Number of protein chains: 2
Amino acid sequence: MTQIHHIDDDLCRRYLATSVELVGKRWSSGILLAIGTGATRFSEITAAVTGLSDRLLAQRAKELEQAGLVHREVIATTPVQVRYTLTASGRDLLEAMQPLAHWGERWNRAH
Amino acid sequence: MTQIHHIDDDLCRRYLATSVELVGKRWSSGILLAIGTGATRFSEITAAVTGLSDRLLAQRAKELEQAGLVHREVIATTPVQVRYTLTASGRDLLEAMQPLAHWGERWNRAH
DNA sequence: CTGGATCCCTATCGATACTG
DNA sequence: CAGTATCGATAGGGATCCAG
């Protein structure tokens, strides 16, 4: 039998669900990527992520902020501005997803 | 501004969605992990993944098979046996998810 | 043992309209 | 600009029963 020894069984069983639940929800990864690659304003994020609506961004942003992945900074101008940035944890997560992107590329070639 | 240069923007924008859609659905990652770490039979997988129902496993298994991540082998005994194994692509995906598990561990510590 | 078929129910989503 | 409120539609999930 082909056993995978690159995989830490126990670690995955414990903690894989954690990140998958955070990042698996629709738009979440796209939002993280958008913020991580330069988008800071609410409207910039909706523009960067095609198909993402105001309502869903507001909802996801709240979730991601509460999870400590995104920092939300309100600038009291008129009209009000809001700056979204990744926290250290958010940046780490995005880096941890890089292998998935590579895998996706290979997978797309084969289909 | 803190730019992330560990991230290949373009690669992520193109292909991150691919893997996230496959692995983000409920139970999918758990099923992959279960098969990747020794479970081969239908009932072994439901036993390994707590909360997973027969119906959902049947459904996910079909999806994962069509995506080329899981190989399904029917053994014509009575009653019938079915062996599930990961394809090379499925093993690769599971390895690509390992950093997510590590991230999840760190994240859990901090909460 | 390995599912398929149903029923029902709720979470989630998209669209639209509105506000400080 | 950056959201909130409301609504109707639908996809997804749990439970249960059935079958090769």
Side-chain angles (χ1 to χ4, degrees), chain A residues 16-18 20-36 38-67 69-87 90, chain B residues 17-36 38-67 69-87 90:
Chain A
L16 195 53
T18 301
V20 169
E21 276 165 26
L22 282 172
V23 110
K25 298 193 74 170
R26 204 175 185 186
W27 307 118
S28 294
S29 66
I31 293 171
L32 285 178
L33 180 61
I35 301 179
T40 60
R41 307 286 299 279
F42 189 92
S43 48
E44 285 175 359
I45 303 173
T46 56
V49 184
T50 16
L52 174 59
S53 69
D54 289 6
R55 196 179 75 83
L56 269 295
L57 173 54
Q59 184 176 307
R60 287 293 173 273
K62 217 176 273 180
E63 296 168 3
L64 295 173
E65 190 192 0
Q66 281 169 7
L69 306 181
V70 163
H71 174 68
R72 183 173 178 272
E73 177 189 1
V74 179
I75 306 173
T77 55
T78 42
V80 92
Q81 287 189 20
V82 179
R83 268 180 64 84
Y84 289 96
T85 47
L86 292 187
T87 64
Chain B
T18 301
S19 31
V20 168
E21 276 165 27
L22 281 172
V23 110
K25 300 194 73 169
R26 204 176 185 185
W27 307 119
S28 293
S29 66
I31 294 171
L32 285 178
L33 181 61
I35 300 178
T40 60
R41 307 285 301 279
F42 189 91
S43 49
E44 286 175 359
I45 302 174
T46 56
V49 183
T50 17
L52 174 59
S53 69
D54 288 6
R55 196 179 74 84
L56 268 295
L57 173 53
Q59 184 176 306
R60 287 292 173 275
K62 215 177 277 179
E63 297 168 3
L64 295 174
E65 190 193 0
Q66 281 168 8
L69 306 181
V70 163
H71 174 68
R72 182 171 179 273
E73 178 189 0
V74 180
I75 306 172
T77 54
T78 42
V80 89
Q81 286 190 20
V82 179
R83 268 180 63 85
Y84 291 96
T85 48
L86 293 188
T87 63

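Numbered from 1 within each chain, the chains take letters A, B, ... in sequence-line order. Small disclaimer: the values here were computed from a predicted structure and weren't measured. The figures here come from the full heavy-atom set of this structure, side chains too, leaving out hydrogens, waters and symmetry mates.
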Would you kindly give the CD-to-P distance between A:Gln59 and D:dA5, to the nearest whole Å?
->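 Result: 13 Å.
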From CD of A:Glu21 across to P of D:dG13 the rounded distance in Å is 13 Å
Classify the nucleic acid contact of B:Arg60 as base, sugar-phosphate or nothing, counting any heavy atom under 4.0 Å across all strands shown.
-> sugar-phosphate
Summarise protein proximity over nucleotides 14-20 of chain D in one line of letters, 5' to 3': B for base, S for sugar-phosphate only, - for none, counting protein heavy atoms closer than 4.0 Å.
-> BB-----
Quick one: list whatever passes side-chain hydrogen bond (donor to acceptor under 3.5 Å, both in side chains) with A:Ser28, sequence neighbours left out.
->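 Residues passing side-chain hydrogen bond (donor to acceptor under 3.5 Å, both in side chains) with A:Ser28: none at all.
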To the nearest 0.5 angstrom, please state how far the CD1 atom of B:Ile31 sits from the CD1 atom of B:Ile45.
->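 Interatomic distance, B:Ile31 CD1 to B:Ile45 CD1, rounded to 0.5 Å: 7.0 Å.
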Roughly how far, to the nearest 0.5 Å, is NE2 of B:His71 from CG of B:Leu64?
-> 14.0 Å
Side-chain atoms of residues 46-62 of chain A: list all donor-acceptor pairs with protein atoms under 3.5 Å, sequence neighbours left out, distances to 0.1 Å.
residue: A:Thr46; atom: OG1; partner: A:Ser43; partner atom: O; Å: 2.9
residue: A:Ser53; atom: OG; partner: A:Leu56; partner atom: N; Å: 3.3
residue: A:Arg60; atom: NE; partner: A:Arg26; partner atom: O; Å: 2.8
residue: A:Arg60; atom: NH1; partner: A:Glu63; partner atom: OE1; Å: 3.4
residue: A:Arg60; atom: NH1; partner: A:Glu63; partner atom: OE2; Å: 3.2

Given axes from five pairs at either end, by how many degrees does the helix from C:dC1-D:dG20 to C:dG20-D:dC1 bend, rounded to 10°?
->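 One end's axis against the other's: 50°.
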Pairs under 3.5 angstrom only: tabulate donor-acceptor contacts from the side chains of residues 76-86 of chain A to other protein residues two or more places apart or in another chain.
residue: A:Thr77; atom: OG1; partner: A:Pro79; partner atom: O; Å: 2.8
residue: A:Tyr84; atom: OH; partner: A:Arg72; partner atom: NE; Å: 3.3

Of the residues in residues 70-78 of chain A, which ones touch DNA chain D at a heavy-atom distance under 4.0 Å?
-> A:Arg72
A:Tyr84 side chain N/O closer than 4.0 Å to the phosphate oxygens (OP1, OP2) of D:dC1?
-> no
Any side-chain N or O of B:Lys25 under 4.0 Å from OP1/OP2 of D:dA11?
->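 The answer is no; no side-chain N or O of B:Lys25 sits under 4.0 Å from OP1 or OP2.
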Here the salt bridge (charged side-chain N to carboxylate O under 4.0 Å, His left out) pairs for residues 38-48 of chain A, sequence neighbours left out, are none
How would you give the extent of chain B contacts on DNA chain C, as first and last nucleotide 5' to 3' within a 4.0 Å heavy-atom cut-off?
-> C:dC1 to C:dT6
DNA chain C contacts among residues 40-50 of chain B, heavy-atom distance under 4.0 Å = B:Arg41, B:Phe42, B:Ser43
